[in-house]
Chemist: 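Submitted below is the structure of interest, expressed as structure tokens.
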Amino acid sequence: MAEGTRSVDEGGDSVDNKDRLENEIFITKVRWLTIIGVPVVLWFYDYNLSYQMLSVTGFFALYNWFLQIYFLKKDDVSKYTNIFSVIDIIYLTYIYVFSLSRLDGLPQLFYFLIIVMGIRHGMAKYHWIVLVMSLLYAWVTIAGAKYLGLWINPLSILNQLLFFTAFGVMSSYIFKKDYQRRMEKEDLISELQSAYQQLCVYNAQVEELANTDPLTGIYNYRYFTERLDKELELSKRFNRFLCLIIIDIDHFKDFNDTYGHPAGDLALKGAATVFRQNIRDKDVLCRYGGEEFLILLPSTGIEEAFKCAERIRESIQHHPVVINGEQTVHITISGGVASYPLDADTGEQLLRIADEVLYSAKHKGRNKIHRRL
């Protein structure tokens, strides 16, 4: 499972690999307190730290150093948590038995184990952890005392078991409250992220609707004016050409009067499709209004733009408009091409010049593309 992916453990706790790794790193750092602190405490109590004791402590220090420096750099440590727990239990149990002869043991080590196991294995297993650690304490105390030839007061063991139980109940309550608050916070963050994503999608849809002509599905004039300003600014900054083609469907009013407005809508949609097929992805196609269209061609010279307009004109006159599924009609277009900086210095001038040469094409018989000479 990838880092950060949330899963559910056997006990029902919601955990992820990132949390497991952070928990194990924290435990590894705290473990240094027992590795260094316990031998120091025993030394202050005039314990004869045997070679065996020093060897075990040294081995465990190397083990902890290896975990912290190398092993916990891995993303997924979940399959090793049981091994870590067994090693912790063996080491701290050994220290506890070693301390029985002078201090009646160090039962605080089992409190440490309870906390470590709770952090490592999750809240759903915490009550079982307290029970197992309590039973382990009682068994190790009795067995260790018998092995060392010591007498341990049963009331002392019972007293510690009562403290373990009280400690388990209180810490379970604290951990559970903290866990619930963390889950509520994560759920809230998740809901906010989901709401934000939905809002982004909604805003994108609204923006697309605001910039799109509902009939043809291409950009509208509002979007065109925004892009014209941006493209003109880029053309000025990088000293490159920018061309504009304005197109008008010939005799479109007569077409509507003859075949009806539904047929006119089909003609507009078909024309928009042909325009889109004959331009580049970076070109900007929009509906100017009625039967007029605009095509903005960034980084394009006047000759290339004129050829593009001619290609569109030829494609349109060979593109049939099918009316009522039977009658086939052909339309033609007229167009005007203008260029920055040859014809104009501003967007307003560019549009005006293109409109003037369009009018010239219509005046001279239509089905023509003109440019300024």
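Numbers here are sequence positions counted from 1. The structure presented is a predicted model; accordingly, all values stated were derived computationally and were not measured.
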Chemist: Would you find more than 12 non-hydrogen atoms of other residues, nucleotides or ligands less than 6.0 Å from Asn239 atom CG?
Modeler: no
Chemist: Kindly say whether Leu358 contributes a backbone atom to a donor-acceptor pair with the side chain of Asp355 at under 3.5 angstrom?
Modeler: no
Chemist: Taking ring-ring contact (aromatic ring centres under 6.0 Å, His included) as the definition, give me every residue that meets it alongside Tyr111, ordered by chain and number, with sequence neighbours left out.
Modeler: Phe164, Phe167
Chemist: For the OH atom on Tyr91, are there more than 12 heavy atoms of other groups (residues, nucleotides or ligands in this structure) within a distance under 6.0 Å?
Modeler: yes
Chemist: Leu285, Ile331: one ILVMFWY side-chain cluster at the under-4.5 Å cut-off?
Modeler: yes
Chemist: Would you name the heavy atoms of Ala210 and Asn220 that are closest together and state the gap between them?
Modeler: O-ND2, 2.7 Å
Chemist: Can you name the closest pair of heavy atoms from Arg287 and Ile218 and give their distance?
Modeler: N-CD1, 3.6 Å
Chemist: Within the supplied structure, the quantity of interest is the number of heavy atoms (other residues, nucleotides, ligands) at a distance under 6.0 Å from Asn324 CG; does it exceed 12?
Modeler: no
Chemist: For the hydrophobic clusters of this structure (ILVMFWY residues joined by side-chain heavy atoms under 4.5 Å, transitively), does one cluster hold both Ile245 and Leu296?
Modeler: no
Chemist: Side chains of Glu304 and Cys308: closer than 4.5 Å at any heavy-atom pair?
Modeler: no
Chemist: So, Asn64 side chain and Thr28 main chain: donor-acceptor pair closer than 3.5 Å or not?
Modeler: yes
Chemist: If you count every heavy atom of other residues, nucleotides or ligands that lies below 6.0 Å from Lys236 atom NZ, does the total exceed 12?
Modeler: yes
Chemist: Around atom CH2 of Trp32, are there more than 12 heavy atoms of other residues, nucleotides or ligands at under 6.0 Å?
Modeler: yes
Chemist: Using modelled atom types only, decide if a donor and an acceptor are shared between the side chain of Arg31 and the backbone of Phe60 within a distance under 3.5 Å.
Modeler: no
Chemist: Sort and list the pairs that fulfil salt bridge (Lys or Arg N to Asp or Glu O under 4.0 Å) and have at least one residue in residues 339-349, not counting sequence neighbours.
Modeler: none
Chemist: Among pairs that include at least one residue of residues 330-373, which meet ring-ring contact (aromatic ring centres under 6.0 Å, His included), considering only residues two or more places apart or in two chains?
Modeler: none
Chemist: Got a donor-acceptor contact below 3.5 angstrom from the Thr300 side chain to the Pro298 backbone?
Modeler: yes
Chemist: Rounded to the nearest 0.5 Å, what separation is found between the CD1 atom of Ile129 and the OG atom of Ser85?
Modeler: 8.0 Å
Chemist: Please evaluate residues His251 and Glu291 with respect to the criterion side-chain contact (heavy atoms from CB on, under 4.5 Å), reporting the C-alpha separation (whole Å), side-chain torsions for both, the decisive distance (0.1 Å), and the verdict.
Modeler: CA-CA 10 Å; His251 303 294; Glu291 69 276 18; over 6 Å; no
Chemist: Output all residues satisfying ring-ring contact (aromatic ring centres under 6.0 Å, His included) with Tyr288, sequence neighbours left out; order by chain, then residue number.
Modeler: Tyr221
Chemist: Show the nearest heavy-atom pair for residues Ile302 and Ala338, with the distance to one decimal.
Modeler: CD1-C, 4.3 Å
Chemist: Taking side chain as C-beta onward, heavy atoms only, is Asp88 less than 4.5 Å from Thr34?
Modeler: no
Chemist: How long is the gap from CD1 on Ile279 to CZ on Arg311, to the nearest 0.5 Å?
Modeler: 10.0 Å
Chemist: Can you tell me how far apart CG (Leu232) and CG (Leu242) are? Round to the nearest 0.5 Å.
Modeler: 6.0 Å
Chemist: I need the Ile36 CD1 to Thr57 OG1 distance, nearest 0.5 Å.
Modeler: 10.5 Å
Chemist: Who passes side-chain contact (heavy atoms from CB on, under 4.5 Å) against Val130, sequence neighbours left out?
Modeler: Ile114, Tyr126, Ser134
Chemist: For Gly144 versus Val97, what's the shortest heavy-atom pair and its separation?
Modeler: CA-CG1, 4.4 Å
Chemist: Does Cys286 offer a backbone N or O that forms a donor-acceptor pair with the side chain of Asp213 under 3.5 Å?
Modeler: no
Chemist: Regarding Arg352 and Glu356, does a basic nitrogen lie under 4.0 Å from an acidic carboxylate oxygen?
Modeler: yes
Chemist: Looking only at side-chain N and O atoms, does Tyr96 offer a donor or acceptor that is under 3.5 Å from a partner on Thr141?
Modeler: yes
Chemist: If only atom types and distance count, is the side chain of Thr258 paired as donor or acceptor with the main-chain N or O of Phe255 below 3.5 Å?
Modeler: no
Chemist: Can you check whether Phe224 reaches Leu244 side chain to side chain, under 4.5 Å on heavy atoms?
Modeler: yes
Chemist: Any chain of hydrophobic side-chain contacts (each under 4.5 Å) joining Ile87 to Ile69?
Modeler: yes
Chemist: List the residues meeting side-chain contact (heavy atoms from CB on, under 4.5 Å) with Leu192, not counting sequence neighbours, and say none if there are none.
Modeler: Leu188
Chemist: Treat each ILVMFWY residue as a node, draw an edge where side-chain heavy atoms are under 4.5 Å apart, and state whether Phe275 and Leu215 are in one component.
Modeler: yes
Chemist: Drop me the distance from Phe163's CZ to Gln160's CD, to the nearest 0.5 angstrom.
Modeler: 7.0 Å
Chemist: Go through the steps to decide whether Leu266 and Val322 satisfy the test side-chain contact (heavy atoms from CB on, under 4.5 Å), and finish with yes or no.
Modeler: CA-CA 8 Å; Leu266 289 176; Val322 181; over 6 Å; no
Chemist: Are Phe66 and Tyr63 close enough, and set up right, to give a ring pair (Phe, Tyr, Trp, His ring centres under 6.0 Å), and what steps lead you there?
Modeler: CA-CA 5 Å; Phe66 173 76; Tyr63 156 79; 8.1 Å; no
Chemist: Using a strict threshold of under 4.0 Å (side-chain N to carboxylate O), is an ion pair present between Glu233 and Arg237?
Modeler: yes
Chemist: Hey, is NZ on Lys282 packed in by over 12 heavy atoms from elsewhere, all under 6.0 Å?
Modeler: yes
Chemist: So, Arg313 and Glu310, do they make that salt bridge, N to O below 4.0 Å?
Modeler: yes
Chemist: Is there a donor-acceptor contact under 3.5 Å linking the side chains of Asp248 and Ser334?
Modeler: no
Chemist: Are Leu297 and Leu228 connected in the hydrophobic side-chain network, where two residues link if heavy atoms are under 4.5 Å apart?
Modeler: no
Chemist: Give me the atom names and distance for the closest heavy-atom approach of Phe293 to Ala272.
Modeler: CE2-CB, 4.4 Å
Chemist: Would you check if Phe59 and Ser55 make a side-chain contact, meaning some heavy-atom pair closer than 4.5 Å?
Modeler: no
Chemist: For a 4.5 angstrom cut-off between non-hydrogen side-chain atoms, does Phe84 reach Val116?
Modeler: no
Chemist: Please determine whether a side-chain nitrogen of the Lys or Arg among Asp265 and Lys269 lies less than 4.0 Å from a carboxylate oxygen of the Asp or Glu.
Modeler: no
Chemist: Test side-chain contact (heavy atoms from CB on, under 4.5 Å) on Leu268 and Ile249 and set out the steps.
Modeler: CA-CA 9 Å; Leu268 291 171; Ile249 299 178; 3.7 Å; yes
Chemist: Rounded at 0.5 Å granularity, tell me how far CG in Asp250 sits from CD1 in Ile333.
Modeler: 8.0 Å
